[in-house]
Every structure is written in structure tokens, then in C-alpha cells.
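Please read all numbers here as calculations on a predicted model, not as lab measurements. This chain uses plain numbering: 1 for the first residue, then up along the sequence.
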Amino acid sequence: MVEISVRRGVACGFLAAALALGGSLAAKPAKADGTFIWGMPADHSILDPHVTCGWMAKFVNYQIYEGLVEIDLTSSEWPTKLKGQLAESWEISDDGTEYTFHLRAGVTFHDGTEMNADAVKYNYDRFLDPDAPHFNETAHAYMDFIRVIGDVKSVEVVDDMTIKVTLNSPNYEFLRTGMEDCPQMYIISPTALQTYGDDGIPLHPIGTGKFKFVEREASVSTTLVRNEDYWGEKPEIDRIIFRILEDPPTRVNALRAGEAHAIQDPPWDEIQGLEDDGFVITKNDNAPTIWYLSFNMNSPKMQDVRIRQAINYAIDKEGIVERILQGYGRPAYGMLNAGTYAHDPDFVSYTYDPDKARALLKEAGYDEDNRLSLEFDVMIYGTGELTEKWIQRDLKKVGIDLNLNMMEWLAYLDAWVPGMTDDVDLNEMVWGEQTPRWTAFGYRCDRVPPHGNNIGWYCNEKVDKILQQALETRDEAERAALYQQADAMAMMEDAPNAPIYHYYNPIVLNPSVKGYVNAPANWWDLSTVRIEE
């Protein structure tokens, strides 16, 4: 789930701000002392991977911690592949219920603690075993959100370097479970957990990763240094500084002044100018970022499928992509985001057809003389307001009046997580993961709050049956086809969502930055980066 800035700075004139910093409009060489500075658009949440959410936190944790397996982000190719990390190899039983991991020898945590099967089980017990002395109820709740609690039957130490995880039922998406953003099944040093406790781990995040934590100044920066004792290939750079630059003009100015090597989420209307001035623009057409609407199936107005279909027909997604995103995205027609292997780029559900929308509304009893009024909960998120008002305008044209209930991010999240109340008709989210199981969580009857992110209370047992079959299918191509079948059935028969666009995650780099890979993800592996004069 995207982590969003809850403060928006006052946008001064871009040219004046750049000159005030003493910078020119051309790319300045960034400092090349072995320190790489990344400009983040928002602060990250805590660095305890078992009790955190959000892309920014995952981005930092990816550099510090390791799991048994990990998503390989050293390639920009889609779909992403999994690689062994703390597990050198693994086997899956024929029935898909037993995962046996053979751990990598000679790995130590940043504090010198040995990584072995006992250390892995100690971490799993933290969120799985209520009888464990270090059991963490918050971690248990977070892991239930991604179904780990329901998935895992037992965790067994086979020998010092072998661990077996037994599941309650076949699940061929399990390896990717917990490798996304909310939360993360990384392995923390048991010594650190015992020394610092649950409250202290966020300020002493100790893993086995390529970088070690140095310090964090909330809402300002987080600093990491290279792990000289890393078991594998060491990073090119000595140090990473994640600078929190919430205000877009400030972020751009820091890049132009040589005070940051890279920034994410650049203002779309400034990207071309940055490229003209010598900065490098990189993107990925298959990033798993999808902006979508969810309809409240408990709202009396939204229970008529014709209303939900009319909204889908009424929104000019191509116009949003062209005019607002400046081409850094493409229209979305299903809920399988572009980052997952199950995404079908050829699937089209509802194209822009305002006449069809009006006809459906008329069938449902609404027209210009009897307009439909809907309550739309929206989050304050930078230029997201442009999209919301575009949708409001499009729906107004066909006879739907949207009332935008705007909330700061934390307040919005508090309202979003428990599911929509009956007086809310629709809301929005920017999310997406590389596993298609994320889409299943948004559809399945058993993933309504408080058990998941089906916050619109959608339920179709036929869809559920196909999604369960997908989870239990070993062949990836067959599994993808089942996910596509379920997504198409949900969208065309029920339309519980209105997917709007897939975002390409543009990143702007100083030309001195080499080796950066914009992988199809919402966070990146910075160990490949180097800085050249």
C-alpha cells in the first residue's frame, strides 16, 4: 500500500526556487563520495518488518533485511523472479503443503549473531505462536492481513540449517507471501529482539542485508552503510541516505542542486524539462501500481450492478493518462495489476462510452431530472486530486453527482481499513502487488474486514471457487489463466471496482548515477548503483 505524505508544502515558483538555491536549470554533478542520496516523496513507517506497511518502509527494509526468498530486482524484466536469499534452495511437496528450506551457511546478522534454523523459527514464532515468550500480537494481526496466520500450520526445525513450513492447504503463492509491502516476512536478529524488545527494534533494525542501519531522523532522513561482512556480492556504494522531501518542487530543486542523486514521483508536467536539462528519466511499464475505485456493495444505491457498470463506462481513462499523467501510465481495465505475472494486457472490460453509461442509468431509474448523488471518500495525495475531480466531471456529464469527502491520509486509512460504512458509496486506493493473490484478497468473500482488504464487501462464490483453484494450481501459466478468468468474471458480471490506470513509476536520476535498475516493483535494489563523475 502506498505511503502518502500527509503534508503538502506551499509550491513556490519553480524557477525562482531553483535560483534561490544557487543552482542552474541544468543538471549539476551530485556528490560522488560514495554516498547515494534518494529523494523520497514521503516518510516511511517503522523499520520492524513484521509490523509495518507501505512501499517506503519496504524500500528501506529491502536494503537492511533478508527473507528466505526475495524478489530479484536486479532486472527490469517482467514478471519479476524469486531468488534464494537466506534459503539457498527449497523444495515444495507434491501436494503443495510442505515447503522445506535449506539455509545458506556462513551468514551472520549485522550484530554478529549467527543465522540458522533456530533464528528463523524464532522470527516465525514471534507472529505465529501465542505461547512463545516473545509473541507479538500486533505482528500476529499484520500477518493475518496477508493470510499467513491462516496459511501456516506449523514451522519445524529439521536441523541446524533446514527448516520446514507446513501449510493448512495447497498454496503455490506462498513464496511471494510476505515479500510485498504489508507486512514483510524478513528475518530479524534474535539477539536484537531480545535486547531491544518490540519497542526498540524500529530504532535498531538488525538484519543480514547488504546495508546496515545507522540512524533515522523522522520526517528528515534515514541513513544506511554498506555491510562489509555481507555473505554475497557487496554493494558498489558506501552509504545510502533516504531524504524525506514531501513537497514536489523541493524534491526537484534538491535534484537540480546536486543535493540528491535520484527522486521518485516527479511532477508529471516537469519530467520533459528535467530530461531536456540532462537528467535521466527511467520508468517501468509493468510496475504493480494501480489506481482504482472500490464500490460499496452494502450501499443501497450501489447494489444495482447497472450503476457500477455505468460508472466504469463514464470515466475517460485515456484522457486521464494523457492529460494528467503525461503518458506515464496506461488505462486499467481489470484488477490484476501490470506488475503480476497474471496480468493480461489485452483484457478490456469497460471502454469510455458515456452514452452507454446514460442508458444504464436510465434503466436503473436515473436521468437528468432524477440525478444520482453518491458519496465518494478520497485521500489527500499530491496531484491525486486532479484525477478525482476528472472523475467527478466525467460522472456529472452522465447524470451522477459525486460528493468528494476529502481526508488526510492517516484519517483516510482509519476509515478505509474497517471497510466502507453504509453511508459511503465508493472510495479509492493506490496499491498493487506482484502476486495475483493481492487481487484475490480484494475479491474473496472471506477477506472482508477485519480479515483483509475487500473493503467494499464484495462476495461471489463462483469467483471465490476459481481463485481458490488458482492458489492450489502448481503450473504458473495455468494459475495465471485462472486468475484472469476470475478477474474477468468479477468485472463483467459484478463490476465491484473501477480500475483507472496502471502507473509507470518514473524515477529521475542525476547523470552521474549508473547501474540503477527500475524494476517492475514499487521499491528498488540499490546495491547495483554506482556514482561516476
Side-chain angles (χ1 to χ4, degrees), residues 1-5 38-42 54-56 58-59 62 71 73-80 180-181 248 251-252 255 262-276 279-293 315-348 381-384 386-388 390 428-436 438-439 498-510 513 516-526 529:
M1 185 185 304
V2 64
E3 283 175 301
I4 297 171
S5 167
W38 183 283
M40 274 187 167
W55 297 339
M56 304 301 147
K58 170 68 179 187
F59 190 12
Y62 186 96
I71 301 165
L73 302 183
T74 61
S75 169
S76 61
E77 294 182 1
W78 171 88
T80 56
E180 302 285 347
D181 61 310
R251 204 155 59 244
V252 171
L255 181 74
I263 63 169
Q264 63 188 103
D265 291 344
W268 298 310
D269 58 356
E270 292 186 10
I271 290 178
Q272 186 58 55
L274 287 165
E275 186 171 29
D276 292 343
F279 292 95
V280 178
I281 315 297
T282 178
K283 64 176 183 175
N284 196 300
D285 294 359
N286 295 304
T289 311
I290 184 171
W291 201 100
Y292 62 97
L293 309 180
I315 299 171
D316 182 7
K317 303 173 185 180
E318 291 189 2
I320 290 172
V321 167
E322 180 182 351
R323 299 286 297 280
I324 297 179
L325 301 188
Q326 303 289 311
Y328 281 89
R330 68 176 183 270
Y333 296 101
M335 291 299 292
L336 287 167
N337 69 77
T340 171
Y341 67 84
H343 174 65
D344 179 3
D346 297 323
F347 173 67
V348 176
Y381 176 28
T383 53
L386 298 175
T387 301
E388 294 149 4
W390 181 292
E428 64 177 345
M429 184 50 70
V430 187
W431 203 357
E433 295 181 354
Q434 295 161 49
T435 169
W438 172 82
T439 301
I500 306 300
Y501 63 75
H502 304 284
Y503 189 43
Y504 290 168
N505 282 352
I507 303 294
V508 188
L509 306 170
N510 187 285
V513 176
Y516 168 76
V517 178
N518 194 335
N522 291 311
W523 48 87
W524 300 273
D525 186 338
L526 298 183
V529 170

Colleague: Kindly give the heavy-atom pair with the smallest separation between Tyr516 and Ile507, and that separation in Å.
Modeller: OH-CG1, 3.4 Å
Colleague: Might you point out which heavy atoms bring Ile290 and Gly334 nearest each other, and give the distance in Å?
Modeller: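 Closest pair (atom of Ile290, atom of Gly334, distance): CD1-O, 3.5 Å.
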Colleague: Between Asn522 and Tyr503, is there a side-chain heavy-atom distance shorter than 4.5 Å?
Modeller: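 No; the side chains remain at least 4.5 Å from each other.
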Colleague: Are Asn284 and Ser76 close enough that a side-chain donor and a side-chain acceptor fall under 3.5 Å?
Modeller: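 Looking only at side-chain atoms, Ser76 and Asn284 do not form any donor-acceptor pair under 3.5 Å.
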Colleague: Can you measure from CZ (Phe279) to CG (Leu274) and round to the nearest 0.5 angstrom?
Modeller: 6.0 Å
Colleague: Does the side chain of Asp265 reach to within under 4.5 Å of the side chain of Arg251, using non-hydrogen atoms?
Modeller: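 Sidechains of Arg251 and Asp265: in contact.
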Colleague: Say you draw a straight line from CE of Met56 to CH2 of Trp523; how long is it, rounded to the nearest 0.5 Å?
Modeller: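 Separation between the atoms: 10.5 Å.
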Colleague: How about Asp525 and Val517: do any of their side-chain heavy atoms sit closer than 4.5 Å?
Modeller: no
Colleague: Does Asn337 reach the side chain of Trp431, with side-chain heavy atoms less than 4.5 Å apart?
Modeller: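 Sidechains of Trp431 and Asn337: no contact.
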Colleague: Start with the C-alpha distance between Thr80 and Leu73, add both sets of side-chain angles, then the distance that settles side chain to side chain contact (heavy atoms under 4.5 Å, CB included), and finish with yes or no.
Modeller: CA-CA 7 Å; Thr80 56; Leu73 302 183; 4.3 Å; yes
Colleague: State, with a plain yes or no, whether a side-chain heavy atom of Asp344 is found less than 4.5 Å away from one of Leu336.
Modeller: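 Of all side-chain heavy-atom pairs linking Leu336 with Asp344, none is under 4.5 Å.
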Colleague: Can you tell me how far the OG1 atom of Thr340 sits from the CG atom of Asn286, to the nearest 0.5 Å?
Modeller: 10.5 Å
Colleague: Report yes or no: does Arg330 contribute a side-chain atom to a donor-acceptor pair with the main-chain N or O of Ala338 at less than 3.5 Å?
Modeller: no
Colleague: Quick one, Phe59 with Gln264, criterion side chain to side chain contact (heavy atoms under 4.5 Å, CB included). Give me CA distance, side-chain angles, the key distance, then yes/no.
Modeller: CA-CA 12 Å; Phe59 190 12; Gln264 63 188 103; 4.0 Å; yes
Colleague: For Gln272 and Asp269, indicate whether the former's side chain and the latter's backbone hold a donor-acceptor pair under 3.5 Å.
Modeller: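 No, the answer is negative, given that no donor and acceptor are paired below the 3.5 Å cut-off.
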Colleague: Nearest heavy-atom pair of Pro499 and Tyr333: which atoms, and what distance?
Modeller: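 Nearest pair, atom of Pro499 first, then Tyr333: CG-C, 3.6 Å.
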Colleague: Supply the atom-to-atom distance Ile271 CD1 to Tyr328 OH, rounded to the nearest 0.5 angstrom.
Modeller: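 So the gap between those two atoms works out to 4.5 Å.
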Colleague: What I'd like to find out is whether the side chain of Trp390 reaches to under 4.5 Å of the side chain of Asp316, using heavy atoms alone.
Modeller: yes
Colleague: Could you tell me which non-hydrogen atom of Ala519 sits nearest to which non-hydrogen atom of Ser75, and how far apart they are?
Modeller: CB-O, 3.4 Å
Colleague: Between Glu180 (side chain only) and Gln434 (backbone N and O only), is there a donor and an acceptor less than 3.5 Å apart?
Modeller: yes
Colleague: Once you measure the plane-to-plane angle for Tyr292 and Trp438, does it fall in the parallel (<30°), tilted (30-60°) or perpendicular (>60°) bin?
Modeller: perpendicular
Colleague: Look at the side chain of Lys317 and the backbone N and O of Tyr501, then say whether any donor-acceptor pair between them is shorter than 3.5 Å.
Modeller: no
Colleague: With a cut-off of 6.0 Å (strictly less than), are more than 12 heavy atoms of other residues, nucleotides or ligands near CD of Glu322?
Modeller: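 No, CD of Glu322 has 12 or fewer neighbouring heavy atoms, counting only those of other groups under 6.0 Å.
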Colleague: Check step by step if side chain to side chain contact (heavy atoms under 4.5 Å, CB included) holds for Val280 and Val513.
Modeller: CA-CA 9 Å; Val280 178; Val513 176; over 6 Å; no
Colleague: Before giving the answer on side chain to side chain contact (heavy atoms under 4.5 Å, CB included), spell out for Asn505 and Trp524 the whole-Å C-alpha distance, their side-chain angles and the decisive distance to 0.1 Å.
Modeller: CA-CA 11 Å; Asn505 282 352; Trp524 300 273; 4.0 Å; yes
Colleague: Hey, does Ile320 have a side-chain heavy atom less than 4.5 Å from the side chain of Ile315?
Modeller: yes
Colleague: Report the distance from atom NE2 of His502 to atom CG of Leu325, rounding to the nearest 0.5 Å.
Modeller: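 Here the interatomic distance stands at 12.0 Å.
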Colleague: Would you compute the distance between atom CG of Asp285 and atom CG of Asn518 and round it to the nearest 0.5 angstrom?
Modeller: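 Separation between the atoms: 9.5 Å.
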Colleague: Would you mind reporting whether Val321 and Tyr504 have side-chain heavy atoms less than 4.5 Å apart?
Modeller: no
